[in-house]
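Only one structure is covered here, and it is reproduced in the block below.
First listed ligand is number 1; within each ligand, the first listed atom is number 1.
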Amino acid sequence: MGFIWRDSYSIGNASIDAEHQQLFKLADAFFNADDQQKKTECAIRLFKYTREHFDHEEQLMRDMGYPEFPAHAQQHTQLISRLNEVSEKIANNTLSHSELKAFLTAWLVGHIVTFDTRLSAYVRQADASKP
Ligand SMILES: [Fe+2]
């Protein structure tokens with residue numbers, strides 16, 4: 001199994017959608033990393049990219065006055081702390097493949113397909129009201 005982007009995940013903002021696609025690629029590479037060193041590299045790459053992406057997404061939500069912003073930002077904070085736990089487990093060599101899969105599925109992909117797609121209606125509405 002892999003992490004494959006679907007068009008139905010898009011929220012209608014080109015740069016956020018491109019970043020989400022990149023996150024799927026990073027998740028897929030992470031899932032397929034077969035040794036400690038590759039896993040460490042993937043975790044670092046995912047961490048950096050996720051931080052930058054969350055900054056962009058949170059800025060967009062603030063700009064639009066998105067009403068679910070606090071709850072959504074809270075999810076981002078939790079995801080970052082889960083990612084830290086995953087990185088620690090890689091360092092201690094105690095991360096099982098099923099745990100990694102659960103993290104990537106529930107937290108990363110799950111976040112994009114549930115929380116981020118909820119932004120979609122808002123983004124499209126904001127676009128439609130532009131002069
Ligand atoms: Fe998000």
Side-chain angles (χ1 to χ4, degrees):
M1 111 344 104
F3 292 91
I4 297 156
W5 168 265
R6 290 168 206 266
D7 284 340
S8 60
Y9 302 156
S10 75
I11 67 159
N13 176 289
S15 56
I16 298 291
D17 287 334
E19 289 174 4
H20 282 160
Q21 288 181 44
Q22 179 63 15
L23 281 170
F24 267 72
K25 284 188 190 145
L26 293 175
D28 199 55
F30 198 172
F31 183 68
N32 289 304
D34 49 14
D35 65 42
Q36 175 95 351
Q37 201 197 331
K38 280 188 203 148
K39 281 192 184 118
T40 307
E41 286 166 8
C42 285
I44 293 168
R45 217 172 292 148
L46 184 61
F47 186 82
K48 285 170 91 173
Y49 198 84
T50 304
R51 290 288 295 266
E52 286 172 20
H53 166 65
F54 283 174
D55 282 349
H56 296 158
E57 205 178 87
E58 287 171 18
Q59 190 58 52
L60 174 73
M61 290 191 275
R62 273 193 293 262
D63 288 349
M64 294 192 308
Y66 184 57
E68 290 182 53
F69 173 74
H72 195 134
Q74 172 93 26
Q75 287 288 314
H76 287 174
T77 306
Q78 283 184 32
L79 199 152
I80 291 291
S81 78
R82 291 299 301 269
L83 189 48
N84 272 325
E85 285 167 24
V86 164
S87 299
E88 269 171 41
K89 287 193 168 184
I90 294 170
N92 300 332
N93 213 357
T94 55
L95 182 75
S96 70
H97 206 59
S98 59
E99 270 180 292
L100 177 61
K101 183 179 168 184
F103 166 73
L104 292 171
T105 307
W107 283 88
L108 195 73
V109 173
H111 176 81
I112 291 172
V113 306
T114 56
F115 280 84
D116 293 342
T117 50
R118 270 196 231 163
L119 260 171
S120 170
Y122 228 79
V123 168
R124 290 172 214 273
Q125 206 178 39
D127 271 358
S129 65
K130 271 185 196 154

Item to check | Crowding at CZ, Arg51 (>12 non-hydrogen neighbours, <6.0 Å) | outcome: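 It does not: Arg51 CZ has 12 such atoms or fewer within range.
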Next on the checklist: For the CD atom on Gln37, are there more than 12 heavy atoms of other groups (residues, nucleotides or ligands in this structure) within a distance under 6.0 Å?
Outcome noted: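 No, CD of Gln37 has 12 or fewer neighbouring heavy atoms, counting only those of other groups under 6.0 Å.
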Next on the checklist: Taking Thr114's backbone N and O only, do any of them form a donor-acceptor pair with Thr117's side chain (distance below 3.5 Å, no angle check)?
Outcome noted: yes
Item to check | Test item: Thr77 side-chain N/O and Ala73 main-chain N/O as donor-acceptor pair under 3.5 Å | outcome: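 Yes, Thr77 side chain to Ala73 backbone: donor-acceptor pair under 3.5 Å.
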Item to check | Distance-only donor-acceptor check, side chains His20 and His111, under 3.5 Å | outcome: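 His111 and His20 do not have a side-chain donor-acceptor pair below 3.5 Å.
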Checklist entry - Under 3.5 Å, is there a donor-acceptor pair between the Gln59 and Asp63 side chains? => result yes
Item to check | Sphere of radius 2.8 Å around the Fe ion (ligand 1) - protein N, O or S atoms inside | outcome: Glu57 OE1, His72 NE2, His76 NE2, His111 NE2, Asp116 OD1
